[in-house]
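Step one of this worksheet: look at the structure below.
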Amino acid sequence: MIRVLLVDDQPLMRVGFRALLDAEEQMVVVGEAADGAEAVELARRLRPDVVLMDVQMPGLDGIEATRRIAADPALDGVRVLILTNYGLDSYVFAALRAGASGFLLKDADPADLLQAVTVVARGDALLAPSVTRTLISEFAAGPAPADPAAGRDSLTAREQELVQLVARGLSNDQLAERMVISPLTVKTHINRAMAKLHCRDRAQLVVWAYESGLVAPRHR
């Protein structure tokens with residue numbers, strides 16, 4: 001059973017999301033919050049598997065709430081899926097850097113939302129190609145990394161290669177096919193890389209790859 005915490009300042013949005021999620025046998029809404037501060041409090045009290053987090057809310061916004069949840073060792077198993085009406089680059093970048101495991105627009109199909117919750121709950125990251133492209137564009141427009149070699153020495157050559165390909169948007173199955181290894185071996189290597197770099201999930205691994213300079217953005 002996937003336990004979900006809903007965070008949105010609009011009651012009607014929460015009603016709609018609750019109806020959708022509670023209709024699924026494998027999902028249950030364990031709480032609702034109308035702002036970021038309440039979201040952090042309920043996350044600590046309820047320990048949900050996934051927090052569906054709105055971005056723009058009065059008081060503490062969704063980005064800062066996500067940052068506080070991700071930074072709390074006691075909430076290590078809690079994953080945040082950002083939901084917003086806005087597809088602005090700054091929101092994608094800020095959400096991922098804050099520790100979000102996924103990013104989804106509110107006009108997504110219901111099936112996509114349910115799939116997103118499932119993906120994030122099992123510890124994977126929801127990084128659609130469009131989000132990866134946005135992240136790449138953000139780094140391409142910014143300054144060069146301050147420390148291009150940061151953290152690389154802790155990774156094996158195989159792990160570095162896998163992280164580079166993950167940052168390019170390849171799935172585990174695509175990685176396995178490209179490197180002629182099993183998907184399980186791919187997952188093992190990626191999990192080891194995340195542990196060494198103290199990344200919560202695949203999303204933060206992609207952020208690290210660009211911030212460290214391991215992957216150079218392709219300017220268009």
Side-chain angles (χ1 to χ4, degrees), residues 1-88 90-128 131 194-195 198-207:
M1 184 67 72
I2 300 174
R3 304 172 74 252
V4 182
L5 171 63
L6 296 177
V7 185
D8 198 298
D9 62 328
Q10 299 180 42
L12 283 177
M13 293 299 299
R14 297 200 304 272
V15 168
F17 288 138
R18 177 181 280 276
L20 176 65
L21 295 168
D22 281 344
E24 293 294 304
E25 291 184 0
Q26 301 302 317
M27 297 180 188
V28 60
V29 175
V30 295
E32 298 183 17
D35 58 55
E38 188 180 9
V40 176
E41 179 186 348
L42 287 179
R44 289 170 176 160
R45 178 149 52 92
L46 301 174
R47 305 293 174 89
D49 299 304
V50 177
V51 179
L52 281 182
M53 182 79 75
D54 188 21
V55 172
Q56 291 196 326
M57 295 180 290
L60 195 71
D61 66 21
I63 302 299
E64 180 57 29
T66 297
R67 186 176 292 109
R68 295 185 187 186
I69 290 172
D72 189 338
L75 301 180
D76 186 57
V78 178
R79 296 291 180 259
V80 177
L81 175 60
I82 294 288
L83 280 170
T84 179
N85 287 317
Y86 306 94
L88 302 180
S90 59
Y91 284 119
V92 174
F93 186 58
L96 294 177
R97 289 200 66 176
S101 295
F103 186 97
L104 201 65
L105 296 182
K106 288 182 178 178
D107 62 0
D109 290 337
D112 290 337
L113 173 59
L114 296 174
Q115 177 64 17
V117 171
T118 301
V119 168
V120 170
R122 69 177 179 230
D124 293 330
L126 185 75
L127 279 178
V131 173
M194 290 192 296
H198 306 290
C199 294
R200 282 168 58 93
D201 54 31
R202 202 182 186 98
Q204 287 199 330
L205 191 64
V206 172
V207 172

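Contacts of Ala65 classified as side chain to side chain contact (heavy atoms under 4.5 Å, CB included), with partners at least two apart in sequence or in another chain: Val40, Met53, Leu60. Scanning for salt bridge (charged side-chain N to carboxylate O under 4.0 Å, His left out) contacts around Arg45 gives an empty result, with sequence neighbours left out. With sequence neighbours left out, the salt bridge (charged side-chain N to carboxylate O under 4.0 Å, His left out) criterion links Arg122 to Asp124. Partners of Arg3 under the side-chain hydrogen bond (donor to acceptor under 3.5 Å, both in side chains) rule, at least two apart in sequence or in another chain, do not exist in this structure. Looking at residues two or more places apart in sequence or on another chain, you find a side-chain hydrogen bond (donor to acceptor under 3.5 Å, both in side chains) between Glu32 and Arg14, Arg18. With sequence neighbours left out, the side chain to side chain contact (heavy atoms under 4.5 Å, CB included) criterion links Ala74 to Arg47, Asp72. In this view, Gln10 satisfies the side-chain hydrogen bond (donor to acceptor under 3.5 Å, both in side chains) rule with no residue, not counting sequence neighbours. Judged as a side chain to side chain contact (heavy atoms under 4.5 Å, CB included), and not counting sequence neighbours, Ala19 has no contacts. Among residues two or more places apart in sequence or in another chain, the salt bridge (charged side-chain N to carboxylate O under 4.0 Å, His left out) test is passed with Glu41 by none.
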Could you give the side-chain donor-acceptor pairs of residues 23-31 under 3.5 Å, partners two or more places apart or in another chain?
none

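From Leu114, atom CG reaches atom CG of Leu21 across 6.0 Å, with rounding to the nearest 0.5 Å. A distance of 11.0 Å separates CD in Gln115 from CG in Leu104, rounded to the nearest 0.5 Å. In this structure, CD1 on Ile69 lies 6.5 Å from CG on Leu75, to the nearest 0.5 angstrom. Note that CZ of Phe17 is 13.5 Å distant from CG of Asp22, once rounded to the nearest 0.5 Å. Between the CG atom in Leu6 and the CG atom in Leu42 there is a gap of 10.5 Å [rounded to 0.5 Å].
With hydrogens and angles ignored, the 3.5 Å screen pairs a side-chain donor or acceptor of Glu38 with a backbone N or O of Ala34.
Exactly one residue among Asp9, Asp8, Ile63 makes a side chain to side chain contact (heavy atoms under 4.5 Å, CB included) with Met57. That residue is Asp9. The residue from Leu81, Val7, Val80 that alone fulfils the side chain to side chain contact (heavy atoms under 4.5 Å, CB included) condition with Leu52 is Leu81.
Residues Gly99 and Ala70 share a closest heavy-atom pair of CA-CB, 4.0 Å. The minimum heavy-atom distance between Asp112 and Ala108, with the atom names listed, is CB-CB, 4.3 Å.
Looking at heavy atoms from C-beta onward, Leu5 lies out of side-chain contact with Val50 at the 4.5 angstrom threshold. Using a 4.5 Å heavy-atom cutoff, the side chains of Val4 and Pro48 are not in contact. Using a 4.5 Å cut-off on side-chain heavy atoms (C-beta onward), Val117 and Ile2 make contact.
Pairs of residues two or more places apart, or lying in two chains, that qualify as salt bridge (Lys or Arg N to Asp or Glu O under 4.0 Å) and include a residue from residues 55-69 are Glu64-Arg67, Glu64-Arg68.
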